[in-house]
Amino acid sequence: MFKKFFCFIILLVFSNCNKIIDNTEDKSLRKYAKNSNILIGTAIESIQLEDIKFAETLKREFNYITPENSMKWGFIHSKRYEFDFDRADKIVDFALKNNMKVRGHTLIWHIENPEWLLKLENDTSVNFENILAYHIKTVVKHYKGKVYAWDVINEALEYNRYKETFWYKNIGEDYIEKALKWTHKEDPNAKLFINDNMIEEINPKSDFLYELVNNLLSKNVPLDGIGFQFHLKLNNSLDMESVEKNIKRFLELGLEINFTEVDIETEGELTEEKLEKQATIYKKLMILVKKYDKVTAFTTWGLSDKYSWIVREYDNKNPGLIFDEEFNPKLAYYKIKEILQLP
Ligand code: XIL
């Protein structure tokens, strides 16, 4: 009798466990994010859409997409007088068809620029402002009404000063202000962002950015927000208090913040302990997104470890995204969902 009762209890618990799992999987990040007015995003390449598991997971879990590379100059404007929108169009079409928003990335970056552009450096007969304005005008016009937010400027700073990029050298520091104005003129409804790395905490770089955007805003330059990239390594832990203070000061300027490129790279063999540590960091980041209304988006730089740039470029098999190579959710997935679910 006791044995039967014991078995019954075990069965009951077990069947409930299954229910809990089913239930959780049924309720995607995307559904909870929508309830909390949060954009939950990831960076993708158009070719990945051909992977059925990838496309299914993307549709189910995310409501925000960043083209990982296909809007960068080297891909979209690889010939001087021609634009190639094919790959980026595929991504934008997929997003709109599936009710997702698009984060345009990026109109200006110092990397992945075409040969033809770099060759013009030092040519005094060239009007660099015209070239940049033409690029911005053409790309932004093509995606007018389709791209929700643009990373107009990407990684323009170096420690506590401007990075000496192609545009900085050829136009001067005003290239930032000009680019924002040209973008706004072409699509007044798109949200405009300055995106950068290592500006998450209060430090000389974020101080410099703070002064820069304060100055832009005082001149009424169109700017809606700052993208904090959050490319992290498990061992270099962030000072979350400093991150929160930093978030607050940018929000107080009336700006929005997006977490734009989150990944948490892990060195060496992947252990349970490392996965837990990684999940805790993801959770802490999501707590900040949830806490501040104007921290509006949380984007991971890649959907699954299968396609991460860290695997491709740094030959590290543990790039620390929230889905593994088989598209199984990792502990980090459940931790961020736990926070998204809160009322
Ligand atoms: C990376 C892509 O993921 C790679 O595939 C590409 O080879 C190089 O660029 N910061 C950024 C992103 O703003 O655009 C970068 O993306 C990663 C670092």
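Looking only at atom types and distance, the side chain of E267 has no donor-acceptor partner in the side chain of N235 under 3.5 Å away. Counted by atom type alone, S206 and N203 present one or more donor-acceptor pairs between their side chains at under 3.5 Å. If you check the side chains of E45 and S70, you find no donor sitting under 3.5 Å from an acceptor. Using modelled atom types and a 3.5 Å distance limit, the side chains of K233 and N236 yield no donor-acceptor pair. Side-chain contact check for Y143 and D89: at least one donor-acceptor pair (N or O, by modelled atom type) lies under 3.5 Å. Side chains of E325 and Y307: no donor on one and acceptor on the other come within 3.5 Å. A donor-acceptor contact closer than 3.5 angstrom is absent between the side chains of E129 and Y175.
Residue F259 forms a side-chain contact (heavy atoms from CB on, under 4.5 Å) with just one option from L39, T300, T296, I247, and that option is I247. The residue from N258, L223, V152 that alone fulfils the side-chain contact (heavy atoms from CB on, under 4.5 Å) condition with F193 is N258.
Residue I111 qualifies as enclosed at atom CD1: its count of foreign heavy atoms under 6.0 Å is above 12. Remark: K219 NZ is packed, more than 12 non-hydrogen atoms of other residues, nucleotides or ligands lying under 6.0 Å away. Around the NZ atom of K146, the shell of radius 6.0 Å holds no more than 12 heavy atoms that belong to other residues, nucleotides or ligands. Other residues, nucleotides and ligands place no more than 12 heavy atoms under 6.0 Å from the CG atom of D293. Within a 6.0 Å sphere centred on CE of M240, other residues, nucleotides and ligands contribute more than 12 heavy atoms. Annotation for L118: atom CG counts as buried by contact number, over 12 foreign heavy atoms lying within 6.0 Å.
Side-chain contact between N63 and K101: absent, with no pair of heavy atoms (C-beta onward) separated by less than 4.5 Å. Inter-residue side-chain proximity for W182 and K137 is flagged as unmet; no heavy-atom pair is nearer than 4.5 Å. Side-chain contact between V243 and F230: present, with at least one pair of heavy atoms (C-beta onward) separated by less than 4.5 Å. By the 4.5 Å heavy-atom criterion applied to side chains, I336 and I322 are counted as neighbours. Within the 4.5 Å cutoff, the side chain of M71 has no heavy atoms near those of the F85 side chain. The side-chain heavy atoms of I131 and R80, taken from C-beta on, include a pair separated by under 4.5 Å.
A salt bridge links E177 with K181: the distance from a Lys NZ or Arg NE/NH1/NH2 to an Asp or Glu carboxylate oxygen falls below 4.0 Å. K205 and E158 are not joined by a salt bridge, as no carboxylate oxygen comes within less than 4.0 angstrom of a charged side-chain nitrogen. Taking the charged nitrogens against the carboxylate oxygens, D84 and K79 have no contact shorter than 4.0 Å, which rules out a salt bridge.
Close placement of the F166 and F128 rings is indicated, their centers lying within 6.0 Å of each other. Aromatic ring centroids of F83 and Y134 lie under 6.0 Å apart. Aromatic ring centres of W73 and W167: separated by under 6.0 Å.
Side-chain heavy atoms closer than 4.5 Å link hydrophobic residues (I, L, V, M, F, W, Y) into clusters, and following such links, even through other members, never connects L342 to L331.
Put simply, the side chain of T42 gets close to the backbone of G302: a donor and an acceptor are under 3.5 Å apart. At distances below 3.5 Å, at least one donor-acceptor pair connects side-chain atoms of D123 with backbone N or O atoms of S125.
The aromatic rings of H105 and W109 lie tilted to each other, with the angle between the two planes from 30° to 60°.
Within the structure, side-chain hydrogen bond (donor to acceptor under 3.5 Å, both in side chains) pairs that include any residue of residues 309-318 comprise E68-R312, D263-W309, E265-N316 (at least two apart or interchain).
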Could you check T280 against K335 for side chain to side chain donor-acceptor pair (under 3.5 Å), going step by step and ending with a plain yes or no?
CA-CA 7 Å; T280 306; K335 289 287 173 192; over 6 Å; no
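The cationic group of R161 does not satisfy the cation-pi geometry with Y168, failing either the under 6.0 Å distance to the six-membered ring centre or the 45° limit from the ring axis.
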